[in-house]
Trainee: 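Let me begin by handing over the structure; questions about it come next.
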Amino acid sequence: MGWMQVPTSLMADLGKLIEYNTSCAPGFVQQAGIIAVERGEYIVAHSIARYTEARNYLYEQLSRPVFREAGIVAPHPAGAMYLFFRIEDETDSLALCKRLVNEAGLGLAPGSAFGPEG
């Protein structure tokens, strides 16, 4: 359930696609849609605040001298709810993440999963 803003030129073809993929939404999905419209802005704002707080906490922790001395560099993110950090002398983020899971039980997404910039 949802809505789209699309160019008028796409409406005829988009209507065909939507008719067969999203018609007859069950009642519980319709009720969720009502709540999303009525309370969605609050829920989104609340979630953004929680994610921002968690990200900032992680940034503050990784910026402590003990981590910097260990070669961990964590630039402050410009606006995301997550952050990228790097560890000096670690060149294979996938291998590092596998090692962290096996040795410390810590699951992280490797930077390489986000392309060359990651």
Side-chain angles (χ1 to χ4, degrees):
M1 267 183 65
W3 62 85
M4 292 185 228
Q5 291 181 310
V6 297
T8 306
S9 61
L10 296 179
M11 290 303 294
D13 291 328
L14 193 57
K16 294 174 196 171
L17 176 68
I18 290 172
E19 179 179 353
Y20 298 107
N21 287 305
T22 61
S23 61
C24 302
F28 68 91
V29 173
Q30 294 177 37
Q31 291 300 315
I34 291 169
I35 291 171
V37 169
E38 292 175 349
R39 298 183 49 215
E41 294 299 321
Y42 166 79
I43 292 168
V44 169
H46 180 71
S47 295
I48 289 172
R50 284 185 14 236
Y51 298 148
T52 300
E53 182 180 348
R55 180 215 52 208
N56 290 345
Y57 175 79
L58 180 58
Y59 171 74
E60 291 168 8
Q61 295 304 307
L62 291 177
S63 297
R64 291 174 41 211
V66 65
F67 290 107
R68 284 196 310 262
E69 291 166 8
I72 295 175
V73 178
H76 192 276
M81 64 179 196
Y82 52 84
L83 62 88
F84 284 99
F85 67 92
R86 72 177 182 277
I87 302 173
E88 291 176 6
D89 299 328
E90 291 288 346
T91 58
D92 186 340
S93 62
L94 179 58
L96 171 64
C97 286
K98 287 180 179 181
R99 224 171 51 242
L100 287 171
V101 167
N102 291 330
E103 294 175 14
L106 175 63
L108 298 174
S112 61
F114 298 90
E117 299 82 15

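What's counted below: heavy atoms across the whole structure, side chains too, no hydrogens, waters or symmetry copies.
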Trainee: Where do Ala109 and Cys97 come nearest, in terms of heavy atoms and distance?
Mentor: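 Looking at all heavy atoms of both residues, the shortest contact is C-SG, 3.9 Å.
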Trainee: Would a hydrophobic clustering, with Ile, Leu, Val, Met, Phe, Trp and Tyr connected at side-chain separations under 4.5 Å, put Ile35 with Val44?
Mentor: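 No.
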Trainee: Near Glu41 CD, under 6.0 Å, is it more than 12 heavy atoms from other residues, nucleotides or ligands?
Mentor: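 Open.
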Trainee: May I ask whether Leu94 and Ile87 are part of the same hydrophobic cluster, defined by side-chain heavy atoms of I, L, V, M, F, W, Y residues being less than 4.5 angstrom apart, directly or through others?
Mentor: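 Each belongs to a different hydrophobic cluster.
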Trainee: Can you list everything that forms a side chain to side chain contact (heavy atoms under 4.5 Å, CB included) with Pro26? Sequence neighbours excluded, please.
Mentor: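 With sequence neighbours excluded, Pro26 shows a side chain to side chain contact (heavy atoms under 4.5 Å, CB included) to Phe28, Val29, given in chain and number order.
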Trainee: Quick one: salt bridge (Lys or Arg N to Asp or Glu O under 4.0 Å) partners of Asp89, sequence neighbours excluded?
Mentor: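 Testing Asp89 for salt bridge (Lys or Arg N to Asp or Glu O under 4.0 Å), a comparison that skips the adjacent residues, returns none.
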Trainee: Name the atoms and distances for all side-chain donor-acceptor pairs under 3.5 Å in residues 62-75, with sequence neighbours left out.
Mentor:
{"from": "Ser63", "atom 1": "OG", "to": "Tyr59", "atom 2": "O", "distance (Å)": "2.8"}
{"from": "Arg64", "atom 1": "NH1", "to": "Gln61", "atom 2": "OE1", "distance (Å)": "3.0"}
{"from": "Arg68", "atom 1": "NH1", "to": "Ser63", "atom 2": "O", "distance (Å)": "2.3"}

Trainee: Among residues at least two apart in sequence or on other chains, which ones pass side chain to side chain donor-acceptor pair (under 3.5 Å) with Glu90?
Mentor: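 With sequence neighbours excluded, Glu90 shows a side chain to side chain donor-acceptor pair (under 3.5 Å) to Arg99, given in chain and number order.
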Trainee: For Tyr42, what residues pass the ring-ring contact (aromatic ring centres under 6.0 Å, His included) criterion, not counting sequence neighbours?
Mentor: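 Partners of Tyr42 by the ring-ring contact (aromatic ring centres under 6.0 Å, His included) criterion, ordered by chain and then number, come out as His46.
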Trainee: Is there a chain of hydrophobic side chains (I, L, V, M, F, W, Y, each step under 4.5 Å between heavy atoms) that links Leu108 to Tyr51?
Mentor: no
Trainee: Tell me whether Ser93 contacts the main-chain N or O of Ser112 through its side chain, where contact means a donor paired with an acceptor under 3.5 Å.
Mentor: yes
Trainee: Restricting to ring-ring contact (aromatic ring centres under 6.0 Å, His included), what partner residues turn up for Phe114, sequence neighbours left out?
Mentor: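 ring-ring contact (aromatic ring centres under 6.0 Å, His included) list for Phe114, sorted by chain: Phe84.
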Trainee: Is it possible for you to say whether Val37 and Ile43 belong to one hydrophobic cluster, with membership spreading through side-chain heavy-atom contacts below 4.5 Å?
Mentor: no
Trainee: Can you name the closest pair of heavy atoms from Arg55 and Pro77 and give their distance?
Mentor: CD-CG, 3.2 Å
Trainee: Nearest 0.5 Å please: distance from the CG atom of Leu100 over to the NZ atom of Lys98.
Mentor: 12.5 Å
Trainee: With a 4.5 Å heavy-atom cut-off, do Asn56 and His76 have their side chains touching?
Mentor: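 Side-chain contact under 4.5 Å: yes.
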